[in-house]
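Quick notes on the structure that follows.
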Amino acid sequence: SLGQIQQDIRNATKLEHLKQVSQDIRQLVQNMLMQEVATEQIIAFISMLKDKLVQRVIEWEFQAVEEQQINYCWVTFASAGRGEQTLNTVQTNALIFNGEGQEHNELMQKILIDAARRVNHILAECDFPFKPHRMLAGNLQGCLSLRQWQVVITQSLTLARNDGTVHADFFDVQAVAGDGRLAERI
């Protein structure tokens with residue numbers, strides 16, 4: 001049941017628990033399809049459960065980040081950013097952090113990327129595949145200070161104005177963990 005899966009996510013202490021939760025989500029969706037539950041409702045449940053699973057993994061892996069008191073926000077883009085995840089949604093995520101100078105930024109970025117890579121790999125084992133060309137929080141281009149993100153997005157919009165190509169992922173962003181105000185500012 002939906003309530004049981006939520007409880008299992010909250011209580012998960014090992015990767016194996018979350019792998020089982022991923023299978024339980026698939027089974028719940030199969031049951032809902034057999035009961036002819038509306039597609040929009042199924043997608044909403046999948047998105048909510050997958051967000052909670054991501055939040056749980058971040059809780060595990062971001063302890064060093066919390067100890068360093070780094071102000072960050074884990075965001076998702078594209079279908080996850082719109083709250084339209086399916087069972088086969090691939091990871092498209094990033095980190096925004098509050099920067100305080102280049103040397104300090106590089107240190108924060110290293111700590112964040114190390115934790116984010118672990119999150120990305122754990123999520124991949126829990127039915128959240130990632131593809132090399134997608135933005136990931138565990139990659140250098142997916143872990144930027146607020147100011148750097150603002151520059152990237154401004155450049156993307158300028159390019160769109162000049163040649164008509166838009167990096168649409170930037171328009172579908174959702175804060176999943178950390179300080180959501182950072183996501184609002186990009």
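To the nearest 0.5 angstrom, Ile42 atom CD1 is 5.0 Å from Met32 atom CE. Of the inter-residue distances, the one linking Leu136 atom CG with Thr92 atom OG1 reads 7.5 Å to the nearest 0.5 angstrom. Taking CG of Asn93 as the reference point, atom CD1 of Ile58 lies at 8.0 Å (rounded to 0.5 Å). Atom NE2 of residue His17 and atom CD of residue Gln20 lie 9.5 Å apart, to the nearest 0.5 angstrom. Rounding to the nearest 0.5 Å places CD1 of Ile5 at 9.5 Å from OG of Ser22. The distance from atom CD1 of Ile70 to atom CG of Asn98, rounded to the nearest 0.5 Å, is 11.0 Å.
Within the 3.5 Å criterion, the main-chain N or O of Arg181 finds a donor-acceptor partner in the side chain of Asp179. In terms of modelled atom types and a separation under 3.5 Å, the side chain of Asn120 and the main chain of Gly138 share a donor-acceptor contact. In this structure, Arg185 contributes its side chain and Leu146 its backbone to no donor-acceptor pair below 3.5 Å. A distance-only check finds no donor-acceptor pair linking the side chain of Gln55 to the backbone of Ala177 [under 3.5 Å]. For Trp149 (side chain) and Phe97 (main-chain N/O), no donor-acceptor pair under 3.5 Å exists by modelled atom type.
Heavy-atom neighbours of Glu16 CD from other residues, nucleotides or ligands within 6.0 Å: above the threshold of 12.
Residue Val151 is not grouped with residue Leu112 when hydrophobic side chains (ILVMFWY) are merged at heavy-atom distances under 4.5 angstrom, including chains of intermediate members. Transitive grouping of hydrophobic side chains (ILVMFWY, heavy atoms separated by less than 4.5 Å) keeps Val65 and Ile113 in distinct clusters.
Every side chain to side chain contact (heavy atoms under 4.5 Å, CB included) that Lys19 has, sequence neighbours left out, goes to Leu15, Glu125, Cys126. Residues passing the side chain to side chain contact (heavy atoms under 4.5 Å, CB included) test with Ala175, sequence neighbours excluded: Cys73, Ala183.
Counted by atom type alone, Asp51 and Gln174 present one or more donor-acceptor pairs between their side chains at under 3.5 Å. In summary, the side chains of Ser145 and Gln148 do present a donor paired with an acceptor at a separation below 3.5 Å, with no hydrogens or angles considered.
The shortest side-chain heavy-atom distance between Glu66 and Gln63 does not fall under the 4.5 Å cut-off. In this structure, Thr76 and Gln91 have side chains that are not in contact, with every pair of non-hydrogen atoms separated by 4.5 Å or more. Proximity of Arg26 to Asp127: side-chain heavy atoms (C-beta onward) are separated by under 4.5 Å at one or more points. Counting only heavy atoms from C-beta outward, the side chains of Gln109 and Leu95 never approach each other to under 4.5 Å. Between Asn105 and Met108 there is a side-chain heavy-atom pair separated by less than 4.5 Å. With contacts defined as side-chain heavy-atom distances shorter than 4.5 Å, the pair Leu123/Leu53 qualifies.
Between Ile96 and Leu182, the closest heavy-atom pair is O-CD1, 3.7 Å. For the residue pair Gln150 and Ile186, the shortest heavy atom distance occurs at CG-CA, 4.5 Å. Closest of all the heavy-atom pairs between Ala12 and Trp60 is O-CZ2, 3.3 Å. What you find for Val119 and Glu61 is that their closest heavy atoms are CG2-CB, 3.6 Å.
In this pair, Phe62 and Tyr72 present their aromatic rings tilted. The plane angle is within the 30 to 60° band.
The existence of a salt bridge linking Asp114 and Arg118 is excluded, since no basic side-chain nitrogen approaches an acidic carboxylate oxygen closer than 4.0 Å.
Put simply, the residue from Gln35, Glu40, Met34 that forms a side-chain contact (heavy atoms from CB on, under 4.5 Å) with Val37 is Gln35.
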* To do: Please assess Arg56 against Glu59 for the test salt bridge (Lys or Arg N to Asp or Glu O under 4.0 Å), listing each intermediate value before the final yes or no.
  => CA-CA 5 Å; Arg56 184 67 178 136; Glu59 284 176 27; 2.7 Å; yes
